[in-house]
Amino acid sequence: MSEHSHIRVRFAPSPTGYLHLGSARTGLYNYIFARQHEGTFILRIEDTDLSRSTDAAIVQIIASMKEMGLHWDEGPGVPGPHGPYRQTERDGIYHEYVETLLESGHLYPCFCTPGELEAERTAAQADGRGWVYSGRCRALAPEDVERRRAAGEPHTLRVRVPAGRTVFHDILRGEVAFENETMGDFIVQRSDGTVTYNLAVVVDDVTMEITHVIRGDDHISNTPKQVVIYEALGAGVPEFLHMPLLFGTDKKKLSKRHGATKLEQLTAEGFLVEVVRNYLCFLSAEFDETMITWSLDDLVRDFDVTRLGTSPSIFDPEKLRWMNGRYLRAMTDEWLGGRLVEYLTRVGFYGDPAGVGELAAHGPQALAAAVEGAETEHLPPTVPDEEQEALTREVAPLVHEKLEVLADFVPMAGWFFRPLAFAPEALERLRGTGGAAETLAAAAAGLRDLEPWDVPAIESLVRDLPATLELKPKAVFAALRLGMSGQSVTPGLFESLWVLGRDQAVARLEQTAALLV
RNA sequence: GCCCCCAUCGUCUAGCGGCCUAGGACACCGGCCUUUCAAGCCGGCGGCACGGAUUCGAAUUCCGUUGGGGGCACCA
């Protein structure tokens with residue numbers, strides 16, 4: 001492959017479910033690599049497995065790709081010279097190539113029945129050998145073959161794998177070699193006439209003029225078979241880059257059991273796509289704090305896909321959370337306000353602050369599960385009214401330093417959006433605090449005529465309270481915090497009172513005071 | 001079972017023969033700051049899987065062992 005040839009890469013997910021993070025990462029790397037070399041990024045849908053592929057999955061995959069900003073140059077919705085881009089629509093092309101291969105003698109018909117193959121397999125197993133096809137039909141006399149085909153005897157087509165070994169180059173690992181005898185003459189066309197995965201990929205990659213195949217590690221042992229086909233076709237073999245797999249905390253391939261493993265779920269928990277994208281790149285690579293706030297373009301400019309590690313990495317939600325918090329803190333209050341409005345709309349917060357608050361109390365995952373699980377029924381997106389949106393933007397600066405994921409906003413500041421309510425223990429705690437009633441009454445009275453109504457004035461009023469009431473500062477602050485919010489953890493007290501506004505603040509403190517007598 | 005890939009703190013990693021009594025980040029623990037919770041700052045805990053070989057010298061090279069993972073289909 002010449003250094004100067006135009007680079008073409010493809011991302012080829014099979015639409016058998018949503019796009020999980022491992023695949024998302026493969027897509028990301030392909031995209032970055034393509035853009036880095038001013039090459040072409042192709043999206044191909046490998047849907048030959050009709051029983052497991054769904055259109056819904058295709059829609060989801062496309063949505064995830066777009067959300068990550070991975071726009072393709074050729075693929076579904078973007079016609080190109082090498083289409084179509086769904087394998088189910090490429091059947092004719094595959095069979096052309098099968099014909100060629102048959103004529104050149106690289107393929108031969110095999111009449112072995114599934115039962116016979118099964119017998120071979122069990123025999124091999126009894127011997128403790130790994131099973132490969134014996135090649136029984138390889139040397140059938142041409143007349144026999146003709147006669148049996150004419151008789152309509154069912155048969156598959158197998159590749160006549162040459163003796164020797166197959167070596168290919170992997171950008172991350174260098175030369176990888178396989179003894180050809182370990183792959184046996186594998187099937188390339190089933191007895192029902194449909195073509196097999198390994199053939200389809202190669203034909204696709206050849207016809208789409210793919211120069212670099214960037215995919216998961218789990219394809220390494222398929223690669224020699226594919227190389228044999230490339231060679232039979234007389235086609236140039238592309239460069240390979242097999243990325244290490246992504247594991248869950250149990251060191252198993254990432255799957256649904258590991259909690260949030262798809263982008264939508266993560267964003268429903270309040271993670272930012274930008275951060276997820278960066279995190280996916282930092283796995284298997286050196287971590288650098290300055291990269292936390294990188295954009296996709298920054299990744300294209302400075303992230304080197306070819307310098308990845310080769311050992312599998314474990315997806316660590318803790319570090320992602322930390323990164324997400326770091327990212328949020330690096331942004332402006334205005335930006336945060338906007339993202340918060342967007343996020344809270346999506347999770348239905350504005351329609352039911354109390355209900356969503358209850359869910360969020362069980363953690364972001366619980367909230368995400370509700371959003372994801374019931375999409376349109378349980379928690380439909382709810383657009384904020386003007387007041388709610390303004391309040392969100394006002395509160396944003398108060399919680400800015402504390403947020404790790406956007407969902408944290410709800411337990412922290414959700415009380416601004418609903419009438420005063422106490423958890424049972426909270427009110428008990430307040431009753432047990434000496435002087436709570438007096439504190440609340442004094443503060444309410446002071447706030448009623450406070451001039452000017454601003455944070456410094458509120459602060460000096462509150463700070464004077466302990467002395468005048470002869471109470472400990474801690475007790476005063478705790479009483480006010482609980483009295484205003486019903487919660488023991490809130491943003492800064494003075495700022496919160498100010499955002500609440502004079503009327504609300506006074507009313508809430510008085511309301512709580514009344515509960516104490 | 002056979003083939004292939006992988007192997008540095010719990011996790012992500014730096015390291016590509018001497019700069020390593022192995023560096024950073026998350027998590028954890030302690031301290032400071034402080035009206036709560038965080039954030040921030042400072043400090044601590046913690047690792048080269050094992051055994052050989054090469055070498056003046058090995059985390060770094062080679063060979064084994066062990067461990068983990070992936071692939072072995074008329075799945076993709």
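Just so it is clear, the structure is predicted and the values come from calculations on it, not from any experiment. The chains referred to below are lettered A, B, ... by the order of the sequence lines, with proteins before strands, and numbering in each begins at 1.
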K.L.:
Report yes or no: is the cationic atom of A:Arg158 (NZ for Lys, CZ for Arg) under 6.0 Å from the centre of the six-membered ring of A:Tyr133, at an angle within 45° of the ring normal?
P.N.:
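Yes, a cation-pi geometry holds between A:Arg158 and A:Tyr133.
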K.L.:
What about A:Thr310: does its side chain form a donor-acceptor pair under 3.5 Å with the base of B:C6?
P.N.:
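Result: no qualifying N/O pair found.
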K.L.:
A:Ser488 near the nucleic acid: base, sugar-phosphate alone, or nothing, with a heavy-atom cut-off under 4.0 Å?
P.N.:
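Since a base atom lies under 4.0 Å of A:Ser488, the category is base.
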K.L.:
Mind checking A:Thr490 for me? I need base, sugar-phosphate or nothing, with any heavy atom below 4.0 Å counting as a touch.
P.N.:
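It contacts base atoms.
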K.L.:
Can A:Phe168 and A:Phe240 be said to form a ring pair (Phe, Tyr, Trp, His ring centres under 6.0 Å), step by step?
P.N.:
CA-CA 8 Å; A:Phe168 63 88; A:Phe240 294 98; 5.5 Å; yes
K.L.:
Is there a Watson-Crick or G-U wobble partner for B:A53 with both distances under 3.5 Å, and which nucleotide is it?
P.N.:
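Pairing partner, where one exists within any strand: B:U61.
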K.L.:
B:U35 C1' sits how many Å from A:Arg463 CZ, rounded?
P.N.:
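These atoms are roughly 7 Å apart.
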K.L.:
Please report the distance separating the P of B:U13 from the corresponding atom of B:U54, rounded so that it comes out in whole Å.
P.N.:
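That atom pair is separated by 34 Å.
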K.L.:
Sticking with atom P, work out how far B:C3 lies from B:A73, rounded to a whole angstrom.
P.N.:
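Between the two P atoms, the distance is 15 Å.
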K.L.:
Give a yes/no answer on whether the side chain of A:Lys319 brings an N or O atom under 4.0 Å of OP1 or OP2 in B:A27.
P.N.:
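No.
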K.L.:
Strictly below 4.0 Å: does A:Ser313 bring a side-chain N or O up to OP1 or OP2 of B:U13?
P.N.:
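Yes, A:Ser313 has a side-chain N/O under 4.0 Å of OP1/OP2 on B:U13.
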K.L.:
Grab the NZ-C1' distance between A:Lys472 and B:U34 for me, whole Å please.
P.N.:
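Interatomic distance, NZ of A:Lys472 to C1' of B:U34: 17 Å.
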K.L.:
Yes or no on salt bridge (Lys or Arg N to Asp or Glu O under 4.0 Å) for A:Arg277 and A:Glu274, after CA distance, side-chain angles and deciding distance?
P.N.:
CA-CA 5 Å; A:Arg277 216 164 41 198; A:Glu274 300 92 310; 5.7 Å; no
K.L.:
Is A:Arg190 near enough to B:A76 that one of its side-chain N or O atoms lies under 4.0 angstrom from OP1 or OP2?
P.N.:
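True: A:Arg190 side-chain N/O within range (under 4.0 Å) of B:A76 OP1/OP2.
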K.L.:
Could you tell me the separation between the CD atom of A:Glu286 and the P atom of B:C16, rounded to a whole number of Å?
P.N.:
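Those two atoms, CD and P, are 12 Å apart.
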K.L.:
Check the distance between B:C6's P and A:Leu308's CG and give it to me in whole angstrom.
P.N.:
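For the pair A:Leu308 CG and B:C6 P, the rounded distance is 13 Å.
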K.L.:
By the 4.0 Å heavy-atom rule, please label A:Leu493 as base, sugar-phosphate, or nothing.
P.N.:
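Counting heavy atoms under 4.0 Å across all strands, the contact made by A:Leu493 includes a base.
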K.L.:
Can you check whether A:Arg121 has a side-chain N or O nearer than 4.0 Å to OP1 or OP2 of B:C74?
P.N.:
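Answer yes for this pair, as a side-chain N or O of A:Arg121 is under 4.0 Å from OP1 or OP2.
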K.L.:
Would the base of B:A25 count as contacting A:Asp288 through its side chain, where contact means a donor and an acceptor less than 3.5 Å apart?
P.N.:
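Flag unset: no donor-acceptor pair detected.
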K.L.:
With respect to the phosphate group of B:G40, does any side-chain polar atom (N or O) of A:Arg329 fall under 4.0 Å of OP1 or OP2?
P.N.:
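For B:G40, OP1/OP2 do have a side-chain N/O of A:Arg329 under 4.0 Å.
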K.L.:
In terms of the nearest nucleotide of RNA chain B, which residue is placed more toward the 5' end: A:Arg307 or A:Asp192?
P.N.:
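Between the two, 5'-proximity favours A:Arg307.
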K.L.:
What is the nucleic acid contact for A:Gly309, judged by heavy atoms within less than 4.0 Å: base, sugar-phosphate only, or nothing?
P.N.:
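Since no nucleic acid heavy atom lies under 4.0 Å of A:Gly309, the category is nothing.
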K.L.:
Under the criterion of centre distance below 5.5 Å and interplanar angle below 30°, is A:Trp322 classified as stacked on the base of B:C26?
P.N.:
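Here the ring of A:Trp322 and the base of B:C26 are not stacked, as the 5.5 Å and 30° limits are not both satisfied.
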K.L.:
Tell me the interatomic distance from A:Phe186, atom CZ, to B:C75, atom P, rounded to whole angstroms.
P.N.:
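Going from CZ in A:Phe186 over to P in B:C75 covers 14 Å.
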K.L.:
Just call it for A:Pro114: base, sugar-phosphate, or nothing, with non-hydrogen atoms closer than 4.0 Å on any strand.
P.N.:
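The residue A:Pro114 makes base contact.
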K.L.:
On a whole-Å scale, what distance lies between the P atoms belonging to B:G52 and B:U60?
P.N.:
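After rounding to an integer number of Å, I get 14 Å for this pair.
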K.L.:
Which nucleotide in the list B:G70, B:C26, B:A25 gets nearest to the side chain of A:Phe287?
P.N.:
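Shortest atom-to-atom distance from the side chain points to B:A25.
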K.L.:
Between B:C12 and A:Arg321, is there an OP1 or OP2 to side-chain N/O distance shorter than 4.0 Å?
P.N.:
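For B:C12, OP1/OP2 do not have a side-chain N/O of A:Arg321 under 4.0 Å.
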K.L.:
Distance check, C1' atoms only: B:G31 and B:G70, in whole angstrom units.
P.N.:
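It comes out at 47 Å once rounded to the nearest Å.
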K.L.:
Which part of the nucleic acid, if any, lies within reach of A:Ala177 when heavy atoms closer than 4.0 Å are counted: base, sugar-phosphate only, or nothing?
P.N.:
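If one applies the 4.0 Å heavy-atom cut-off, A:Ala177 turns out to touch the sugar-phosphate alone, with no base involved.
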K.L.:
Categorize A:Ala285 for me: base, sugar-phosphate, or nothing, with a 4.0 angstrom heavy-atom threshold over every strand shown.
P.N.:
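The residue A:Ala285 makes sugar-phosphate contact but no base contact.
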K.L.:
So A:Ser284, base contact, sugar-phosphate only, or nothing? Heavy-atom distance under 4.0 Å.
P.N.:
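Sugar-phosphate: the residue A:Ser284, judged by heavy atoms under 4.0 Å, touches backbone atoms but no base.
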K.L.:
Assign A:Asp408 to base, sugar-phosphate, or nothing according to its heavy-atom contacts below 4.0 angstrom with the strands shown.
P.N.:
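Nothing, no nucleic acid heavy atom in range.
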K.L.:
Using the P atom as the point on both nucleotides, what is the distance between B:G69 and B:A76, in whole Å?
P.N.:
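My reading of the P atoms in B:A76 and B:G69 gives 26 Å.
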K.L.:
Applying a 4.0 Å non-hydrogen cut-off, can you work out what A:Glu404 is touching in the nucleic acid: base, sugar-phosphate, or nothing?
P.N.:
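If one applies the 4.0 Å heavy-atom cut-off, A:Glu404 turns out to touch nothing in the nucleic acid.
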K.L.:
Tell me what A:Arg326 touches on the nucleic acid: a base, only sugar-phosphate, or nothing, going by heavy atoms under 4.0 Å.
P.N.:
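Sugar-phosphate contact only.
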K.L.:
Using a 6.0 Å distance limit plus a 45 degree cone around the ring axis, check whether A:Arg25 lies over the aromatic ring of A:Tyr29.
P.N.:
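Ring-cation test returns yes.
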K.L.:
Using atom NE2 of A:His242 as one end and atom C1' of B:G69 as the other, report the distance to the nearest whole Å.
P.N.:
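One finds 15 Å between C1' of B:G69 and NE2 of A:His242, rounded.
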K.L.:
Could you check A:Phe282 against A:His155 and say which one's nearest nucleotide on RNA chain B is further toward the 5' end?
P.N.:
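Whichever sits nearer the 5' end wins; that is A:Phe282.
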K.L.:
Look at A:Asp55 together with A:Arg86 and state whether they make a salt bridge at an N to O cut-off of under 4.0 Å.
P.N.:
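Yes, this pair counts.
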K.L.:
Just checking, any donor-acceptor pair under 3.5 angstrom between side chains of A:Thr207 and A:Arg90?
P.N.:
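Indeed, the side chains of A:Thr207 and A:Arg90 share at least one donor-acceptor pair under 3.5 Å.
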K.L.:
State, with a plain yes or no, whether a side-chain heavy atom of A:Tyr279 is found less than 4.5 Å away from one of A:Lys319.
P.N.:
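With C-beta onward as the side chain, the pair touches.
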K.L.:
Could you give the distance separating B:G46 and B:G23 at their P atoms, to the nearest angstrom?
P.N.:
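It works out to 13 Å between them.
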